[in-house]
Chemist: 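First the structure, which I've put down as structure tokens, then a few questions once you've had a look.
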Amino acid sequence: TRDNEPAPTEGTFSEISAIFSESFFGSSYDVIRFVASTRNYLLIHKNLVYAFRVLFKTDFGSAPFYEFSQDGGYIPISGIGGEETLRGFSQNRFIDRTHLVVNNEFRYDIVTILLDEHRFDSTLILFLDAGRVYKGLSDLQINHPNFSGGFGLSVAWNKNFVIRGDVGFSQYEKGVY
């Protein structure tokens, strides 16, 4: 229900997926992966959007360790850490069977430039990310997440082509995306 896919200001994008890999079908591993994700966008003021995402993933079965870093369903994501999950941590910094990530962003349109029939919107972004990995569902707890925060800038051309850069900081590292 997003009002604009590349640069939404209102709406929701949610998904639930299950991926099966069975030796019966020729796979080397018997694995079931369950992924649930929701992205929500709230227009707080005409120039201010609050965006948040919750991502949950768990693997059951005999998945090899290198598969633990794979997240996402419709939109694949590679592990916890990096530009898609915990900005301020290196890519795949945290790996295990179960992942829980929450991303929060405030997006403020600072400048709009109109050139002929083209529109360029510059947006300042402030974010706070939290996430954690677990050995399995029985270990799932909300306490002691890993936090990161930072800022970014995006430029949207006619609200359909977006260039974005973020700088993320955590207690241990920083990253530029």
Chemist: Please check this pair: side chain of T9 against backbone of L43, looking for a donor-acceptor N/O pair closer than 3.5 Å.
Modeler: no
Chemist: Kindly indicate whether the side chain of R53, heavy atoms from C-beta on, has any atom under 4.5 Å from the side chain of R39.
Modeler: yes
Chemist: Is the backbone of V101 close enough, under 3.5 Å, to the side chain of D129 for a donor and an acceptor to pair up by distance?
Modeler: no
Chemist: Under 4.5 Å between side-chain heavy atoms, counting indirect links through other Ile/Leu/Val/Met/Phe/Trp/Tyr residues: same cluster for L128 and V102 or not?
Modeler: no
Chemist: Ignoring hydrogens and geometry beyond distance, is a side-chain donor-acceptor pair present between Y50 and N40 at under 3.5 Å?
Modeler: no
Chemist: Extract all donor-acceptor atom pairs below 3.5 Å that involve side chains of residues 62-69 and protein atoms in other chains or at least two apart in sequence.
Modeler:
unit_1, atom_1, unit_2, atom_2, d
S62, OG, D30, N, 3.1
S62, OG, D30, O, 3.3
S69, OG, Y66, O, 3.3

Chemist: Determine the sole option in F94, F147, Y177 for which the ring pair (Phe, Tyr, Trp, His ring centres under 6.0 Å) test with F89 is passed.
Modeler: F94
Chemist: Answer yes or no: does atom CD of Q141 have more than 12 heavy-atom neighbours from other residues, nucleotides or ligands under 6.0 Å?
Modeler: yes
Chemist: Please say which of L124, D109, I125 ends up in a side chain to side chain contact (heavy atoms under 4.5 Å, CB included) with S154.
Modeler: I125
Chemist: Taking atom CZ of R119 and atom CG of L115, what is their separation to the nearest 0.5 Å?
Modeler: 12.0 Å
Chemist: Indicate if I163 and Y108 have the same hydrophobic cluster label, given that clusters are the connected sets of ILVMFWY residues with side-chain heavy-atom separations under 4.5 angstrom.
Modeler: yes
Chemist: For the residue pair N4 and N160, establish whether any side-chain heavy-atom pair is separated by less than 4.5 Å.
Modeler: yes
Chemist: If you take all heavy atoms of T85 and G81, which pair is closest and at what distance?
Modeler: OG1-N, 2.7 Å
Chemist: Taking a hydrophobic cluster as the set of Ile, Leu, Val, Met, Phe, Trp and Tyr residues connected by side-chain heavy atoms closer than 4.5 Å, whether directly or through intermediates, do V111 and L153 fall within one such cluster?
Modeler: yes
Chemist: Let me see the working for D121 and K159 under side-chain contact (heavy atoms from CB on, under 4.5 Å), right down to the final yes or no.
Modeler: CA-CA 8 Å; D121 295 303; K159 292 201 177 262; 3.8 Å; yes
Chemist: Could you measure the distance from the CD1 atom of I19 to the CD atom of Q70? Nearest 0.5 Å is fine.
Modeler: 9.5 Å
Chemist: Nearest heavy-atom pair of L55 and S37: which atoms, and what distance?
Modeler: CD1-CB, 3.9 Å
Chemist: Counting only heavy atoms from other residues, nucleotides and ligands, does the tally under 6.0 Å from CG of N143 exceed 12?
Modeler: yes
Chemist: Which atoms form the tightest heavy-atom contact between V31 and E22, and what is the distance?
Modeler: O-OE2, 4.3 Å
Chemist: Please give me the minimum heavy-atom distance between S148 and S170, naming the atom from each residue.
Modeler: CB-CB, 4.1 Å
Chemist: Do R2 and F13 meet the cation-pi criteria used here (NZ or CZ under 6.0 Å from the six-membered ring centre, within 45° of the axis)?
Modeler: yes
Chemist: Which salt bridge (charged side-chain N to carboxylate O under 4.0 Å, His left out) pairs, counting each pair once, include a residue from residues 163-177, with sequence neighbours left out?
Modeler: R87-D166, R93-E173, E105-R164, R164-D166
Chemist: Looking at S122 and V155, what are the two nearest heavy atoms and their distance?
Modeler: OG-CG2, 4.1 Å
Chemist: When the aromatic ring centroids of F151 and F127 are compared, is their separation below 6.0 Å?
Modeler: no
Chemist: Hey, any chance L126 and Y41 share a hydrophobic cluster, counting ILVMFWY side chains that come within less than 4.5 Å of each other, even indirectly?
Modeler: no
Chemist: Within the distance-only criterion (no hydrogens, no angle test), does the side chain of N146 pair as donor or acceptor with the backbone N or O of R132 below 3.5 angstrom?
Modeler: no
Chemist: Using distance alone, with no hydrogens and no angle criterion, decide if S27 and S21 have a side-chain donor and acceptor under 3.5 Å apart.
Modeler: yes
Chemist: Any heavy-atom pair between the side chains of H118 and W157 that's under 4.5 Å?
Modeler: yes
Chemist: Considering non-hydrogen atoms only, spot the tightest contact between V162 and A156 and give its length.
Modeler: CG2-CB, 4.0 Å
Chemist: Applying the side chain to side chain contact (heavy atoms under 4.5 Å, CB included) criterion to T58, which one of L137, I32, L140 satisfies it?
Modeler: L137
Chemist: Any chain of hydrophobic side-chain contacts (each under 4.5 Å) joining I16 to F56?
Modeler: yes
Chemist: Please test K57 against D59 for salt bridge (charged side-chain N to carboxylate O under 4.0 Å, His left out), starting from the C-alpha separation and ending with a verdict.
Modeler: CA-CA 7 Å; K57 187 264 322 192; D59 287 339; 3.2 Å; yes
